[in-house]
Amino acid sequence: MIRLKSIKLWLLFTATLFITNVYAQPSERANYQGPAPKYIFYFIGDGMGLSQANTAEAYLGAIHQKNGIQKLNLTSLPKQGFYTTYAVDRFITGSAAAGTALSTGTKTTINTIGMDAKRQKPLKTIAEIAKEKDYKIGIVSSVSIDHATPASFYAHQPTRNMYYDISLDLSKSGFNYFAGGGFKHPEGDGKIDAKNSMSNFGMGDSVDLDQKETNSMRIAESRGYRFTNTVEDFNALKKGDDKIISIAPALASGAALPYYIDQNGKSDISLADFTQKGIELLDNKNGFFMMVEGGKIDWACHANDAATAIQEVIQFDNAVAVALDFYKKHPKQTLIIVAGDHETGGMGMGFSGSHYESAFALLQHQNISYENFSNLITDYRKNNTEKYNIEDGLALVKKHFGLGDAEKGLELSEFELQKLSIAFDKSMNYNEEMKKDDQFYLLYGSYDPFTITACHILSNKAGIGWTSFSHTAAPIPIRSIGVGADLFTGFFDNTDVPKNLIKLIENR
Ligand SMILES: [Zn+2]
């Protein structure tokens, strides 16, 4: 008996050895011997797991009457891998801990930006290392430029919510190009918190601040940065312009770029435009490192809004297409990696109520994001306090989600009408106390009940299910092409991504 057990153990042991040898993980691979990529694109889809990209492909396939999927650029990259994302103190990570893992190669705690798990020591980021190696550095995001993911590449703060201190770290970084959304809290509370400034951690140069000036955007100017926030000024930016902070002309809530679905088919300056401009400004004989985040895939998935999320994935993919065009001109010098920080919403390509059926094309009838629809409902409530009528609510979901329109294949069942009616009552009588109720939270999260119900019904009719209003721990795919892309294949951990990037450039 004992003998049999030990034989089994021995077999298991040798099998494990064999597997480890054949499928060595990237972090265990021999030191990289090839050349360093001159141009590095590091794309991060916030909240983009396998489902988000796959659903966008299924949607594109469906609206173009193709069987199956229509490939995105990002899924067409030849090298693919997966990684785990857990944080030090929580299995399901957040954007700060995941961003720090993806920027420094060290796992940290929830909400921590560019610092160790105890929030004591700053961790050097891949962007800072690349800067030391004479790459020009660009940081681009569709959400505010001081948000957790972009901040993880230039800031070192104990919590992501210290937007003011993060914005001071931004101009202290000396990076060459910041672009996309704006600043969330540039005024701060009127004074610089010396305790939390980066020089206190021994990072960066100690820059003499004009103590009378506290607005972090003005401080950035005193450190040599120039802002643009119009289409004309953006278009006028040209090769050689350095230390640029380019903010989108029209910002939505959270100082982010507006959702694509809310822009009637044309954005002033898209994520792809910001990426293209980054190439123009950063290209030089020593090359560049550019991080580009699609930040609102996550926000849309928190709200379980499939149609909006898909459009954000497509916008993100358009930015990847810009990098791919550049790659085709410099294939022997360029590396593109497309990663994600975590999955959001537990988006599933299948829903119990729709059995085996999928109807992704139905999502094209939604013409507004959950956010703007929610604003319409809030306005309606304010104007109709005592005399609200479900018929008005149903007219709004018909106009903006197509729900109830039989010609579009979106007739509502009794059950769906009932769900909408209950949710509408809750929306019209909404108060903060409601959120504390377990059933309310399971049905609507912390969102407007009527809006979430409309998003759920349309998702479900398309054959999409959701498990959460938060992130999930699903492993995240990474796709790559170019110099050193082999290092990003297999199944590994999120911290291996920057570790391998460091390997690629450390001997340059
Ligand atoms: Zn999130």
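Order of appearance sets the numbers: ligands from 1, and atoms from 1 within every ligand. Because only heavy atoms are used, hydrogens play no part in the values below, and waters and symmetry mates are left out as well, while side chains stay in.
Geometric assessment of K107 against the ring of Y86 yields a positive cation-pi assignment under the 6.0 Å and 45° thresholds. Under the 6.0 Å distance and 45° angle rule, K136 does not count as a cation-pi partner of F288. Taking the ring axis of Y444 as reference, the NZ or CZ atom of K426 does not stay both within 45° of it and closer than 6.0 Å to the ring centre.
Look at D298 and the Zn ion (ligand 1): an N/O/S atom of the residue is under 2.8 Å from the metal. For the Zn ion (ligand 1), the N/O/S atoms of C301 include none lying under 2.8 Å. With a cut-off of 2.8 Å, the Zn ion (ligand 1) has no N, O or S atom of H342 in range.
Side-chain polar atoms of Y259 and Y370 form a donor-acceptor pair below 3.5 angstrom.
Closest N/O/S atom of H302 to the Zn ion (ligand 1): NE2.
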